[in-house]
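Values below: all heavy atoms of this structure, side chains included; hydrogens, waters and symmetry mates excluded. Treat the numbers as computed from the prediction; the structure is a model and nothing was measured.
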Amino acid sequence: GSYFYFKKSIPIKKVEQLTIGIQNSPSNALLIIASKKGFFDTTKVNVVIKEFSAGKLALQALLGQAGDLDVAVAAETPIALAALGGNKVKVFSEVVNAKNECRVVVHKDGDLNTPEKYFSKKRKLTTSQGGSPEWLTYNFIKHYNLDKSKVEIIAMLPENMPVALSNKSVDAISIFDPFARIGEKELGNDGLTFLNSNITSYYVMIAKENTITQKSEAFEELIKGLKKAEDFIKTSPEEAKQIVAVQTKLDIAIINETWSNYSFQIRLDKSLVDLLVAESNWAIESGKYPQGTAVPDFNSFIYPEILKKVSPGAVGL
C-alpha cells in the first residue's frame, strides 16, 4: 500500500490592524514620528493612519456606524460632549498636553492692549464650535471677566480663520496652532495675542472597550511604538521637527515657533478627569445640554491597563 504524509500546518497568527483617525497637526507628533520612523513592531501590529481636519471629526467617525476606525485622537472637549450625549468610550493614553496652543489673536486697536480693554468695544470673534477652542473661548471670557454681550461669536472652520482675520471680516480668532500662529504671522506688527495660560489641553487616544479587549496585543504594540517616539523627540528634536513639518506641510518656522507649547508624552493623570468634569459642567451651563443632565463618572472612561503594562510610571491616577 502507499502512504501519504501530511505536514502539520502551523497557523500563522494574523497581524492585527489598528486604523487610527488623527488631525494632521503638530499635536500628533508622537503618532506621525512613530509611523514615519517605523517604531511600531510590524509583526504584531499594522498601524494605518487616517487624516481628519479636526480631532472631533475623528471621534465622530469612531462613534459612527461604519466601524472603519479602531482609535481616534482628539482633544478632551469632544469627549466630554460625546459622553454627555450618552456615548461610552475608553481613553487609554494621552499623547500630548498643550499650553497656550489655543490663543486669541486680534487686530491691534490703539492702546486697547489687554483683553479687558480690547473687548470693552463690540468685537467679532471666530472660533471652532464643538471642540476645545469653544471651551477655551468660554474660559477666556470668564477668566478676564469680559462682557459677553460685546463678543459676537462666529463659528468657522479653523483653516479659514487666518484669512478672515487678515481681511478684517473678524476682529479676533480663538483657535489652536498652526492656525493661531499663521494668524499671528499674517498680521505681523498689526496683531496682538492674548493668552489664557491657566488652561491645558489634552490630546488623548480613544477606543471602544470591546476593540481594546479584542486587540489588546496590538494596543500594547501601539503604546510601545509611541514610547519610542517620545524618547526620539527628546534625543533628536531637530529631526523630529523636520518629520512633523514634512507630514503636516507646515513651514519649519511655524513648527519651531510653536514646539515649546507641547509636552509630548504618553501618560494618564487625574487632571484629565477633572478637566472632563469641568467641561461637562460648562456644556450644561451654556445650554449645549439641558439643565439637570447628569455629569458622567469620567473615572470609568479611563482605561489604564495597557499603559500600566508598557510604562507603569506614566499612570498617575
* To do: List the steps and the verdict of side chain to side chain contact (heavy atoms under 4.5 Å, CB included) for L272 and D269.
  => CA-CA 6 Å; L272 172 64; D269 57 47; 4.2 Å; yes
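- Shown here is K288, whose NZ atom has more than 12 heavy atoms of other residues, nucleotides or ligands within 6.0 Å.
- Residues L146 and L112 are members of one and the same hydrophobic cluster, defined by side-chain heavy-atom contacts under 4.5 angstrom among Ile, Leu, Val, Met, Phe, Trp and Tyr.
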* **salt bridge (Lys or Arg N to Asp or Glu O under 4.0 Å) between K241 and E238, intermediate numbers included** => CA-CA 5 Å; K241 288 180 203 173; E238 296 312 312; 3.4 Å; yes
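- Checked by atom type, the side-chain pair E101/S201 shows no donor-acceptor distance below 3.5 Å.
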* To do: Before giving the answer on side chain to side chain contact (heavy atoms under 4.5 Å, CB included), spell out for I153 and I141 the whole-Å C-alpha distance, their side-chain angles and the decisive distance to 0.1 Å.
  => CA-CA 11 Å; I153 295 177; I141 291 168; 4.1 Å; yes
* Asked: side chain to side chain contact (heavy atoms under 4.5 Å, CB included) between W282 and N139: does it pass, once the steps are laid out?
  -> CA-CA 9 Å; W282 151 69; N139 247 286; over 6 Å; no
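- Salt-bridge formation is detected for the pair K227/E230: a Lys NZ or Arg NE/NH1/NH2 atom is positioned less than 4.0 Å from an Asp or Glu carboxylate oxygen.
- For the atom pair CD1 of I254 and NZ of K249, the computed distance is 14.5 Å after rounding to the nearest 0.5 Å.
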* **Candidate pair V151 and T137, rule side chain to side chain contact (heavy atoms under 4.5 Å, CB included), full reasoning** => CA-CA 10 Å; V151 186; T137 302; 5.8 Å; no
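- Formation of a donor-acceptor pair under 3.5 Å by the S311 side chain with backbone atoms of L307 is not found in this model.
- Closest approach of F264 to S27, counting heavy atoms only: CE2-O, 4.1 Å.
- Shown here for T42 and V15, the closest heavy-atom pair between the two residues is O-CG1, 3.7 Å.
- Under a 3.5 Å cut-off, the side chain of K215 and the backbone N or O of Q17 do form a donor-acceptor pair.
- For the pair K88 and S300, the minimum side-chain heavy-atom distance is below 4.5 Å.
- The line from CE of M205 to CG of N28 is 9.5 Å long, rounded to the nearest 0.5 Å.
- Here the closest heavy-atom approach between residue S166 and residue L187 is recorded as CA-CD2, 4.0 Å.
- Put simply, the side chain of N24 gets close to the backbone of Q247: a donor and an acceptor are under 3.5 Å apart.
- Looking only at side-chain heavy atoms (C-beta outward), Q60 and F52 stay at 4.5 Å or farther from each other.
- Between L31 and L226 the shortest side-chain heavy-atom distance falls below 4.5 Å.
- No donor-acceptor pair closer than 3.5 Å links the side chain of S35 to the backbone N or O of I32.
- For the atom pair OH of Y289 and CG of L81, the computed distance is 5.5 Å after rounding to the nearest 0.5 Å.
- Looking at Q291, its side chain does come within 3.5 Å of a backbone N or O of I284 through a donor-acceptor pair.
- Proximity of a side-chain donor or acceptor of D41 to a complementary backbone N or O of E221 within less than 3.5 Å is not detected.
- A continuous path of Ile, Leu, Val, Met, Phe, Trp and Tyr side chains, each step under 4.5 Å between heavy atoms, connects I252 with V244, placing both in one hydrophobic cluster.
- Counted within 6.0 Å of NZ on K309, heavy atoms from surrounding residues, nucleotides or ligands total 12 or fewer; the atom is thus considered open.
- At a threshold of 4.5 Å between non-hydrogen side-chain atoms, the residues F301 and V273 do not count as touching.
- T193 and E184 get closest at one heavy-atom pair: OG1-OE2, 2.8 Å.
- Side chain to side chain, S271 and Y202 meet the donor-acceptor criterion of an N or O pair below 3.5 Å.
- Rounded to the nearest 0.5 angstrom, I243 CD1 and F232 CZ are separated by 4.5 Å.
- Side-chain N or O atoms of E134 include none that pairs as donor or acceptor with a backbone N or O of A155 at under 3.5 Å.
- Taking the ring centroids of F219 and F92, they lie under the 6.0 Å cut-off.
- A salt bridge links K50 with D68: the closest approach of a Lys/Arg side-chain nitrogen to an acidic carboxylate oxygen falls below 4.0 angstrom.
- No donor-acceptor distance shorter than 3.5 angstrom exists from the side chain of T19 to the backbone of V48, with no hydrogens or angles considered.
- If you chain together hydrophobic residues whose side chains sit under 4.5 Å apart, V170 and L125 never meet in one group.
- Within the 4.5 Å cutoff, the side chain of E16 has no heavy atoms near those of the E217 side chain.
- Defined by atom type and a distance below 3.5 Å, a donor-acceptor pair is missing between the side-chain atoms of T77 and K56.
- In this structure, the separation between CG on L63 and CD1 on I206 is 8.0 Å, given to the nearest 0.5 Å.
- The aromatic rings of Y262 and W259 lie perpendicular to each other, with more than 60° between the two planes, well past the 30° mark.
- For K124, the NZ atom counts as loosely surrounded, since its 6.0 Å shell holds 12 or fewer non-hydrogen atoms of other residues, nucleotides or ligands.
- Two residues are said to be in side-chain contact when any heavy atoms from C-beta on lie closer than 4.5 Å; K37 and E239 meet this criterion.
- What you find for P304 and V315 is that their closest heavy atoms are CB-CG1, 4.1 Å.
- Between the side chains of Y138 and E285, a donor-acceptor pair is found at a separation under 3.5 Å.
- The aromatic rings of F119 and F140 sit perpendicular, their planes meeting at an angle over 60°, well past the 30° parallel limit.
- Residue Q23 holds its CD atom at 10.5 Å from OG1 of T248, rounded to the nearest 0.5 Å.
- When all heavy atoms are compared, the tightest approach of S132 to F176 is OG-CD2, 4.4 Å.
- Note on R123 versus D109: salt bridge recorded, some NZ/NE/NH1/NH2 to OD/OE distance being below 4.0 Å.
- Using a 4.5 Å heavy-atom cutoff, the side chains of T200 and K99 are in contact.
- Under the 4.5 Å side-chain heavy-atom criterion for ILVMFWY residues, a single connected hydrophobic cluster contains both I212 and I223.
- Formation of a donor-acceptor pair under 3.5 Å by the K148 side chain with backbone atoms of K142 is not found in this model.
- The cluster map of Ile, Leu, Val, Met, Phe, Trp and Tyr, joined by side-chain heavy atoms under 4.5 Å apart, puts I79 and I199 in the same cluster.
- For N100, the side chain to side chain contact (heavy atoms under 4.5 Å, CB included) partners are L195, S197, N261, not counting sequence neighbours.
- V96 is not listed as a side-chain neighbour of L30, based on a closest heavy-atom distance of 4.5 Å or more.
- Remark: side-chain polar atoms of T127 are paired, donor with acceptor, to backbone N or O of S174 under 3.5 angstrom.
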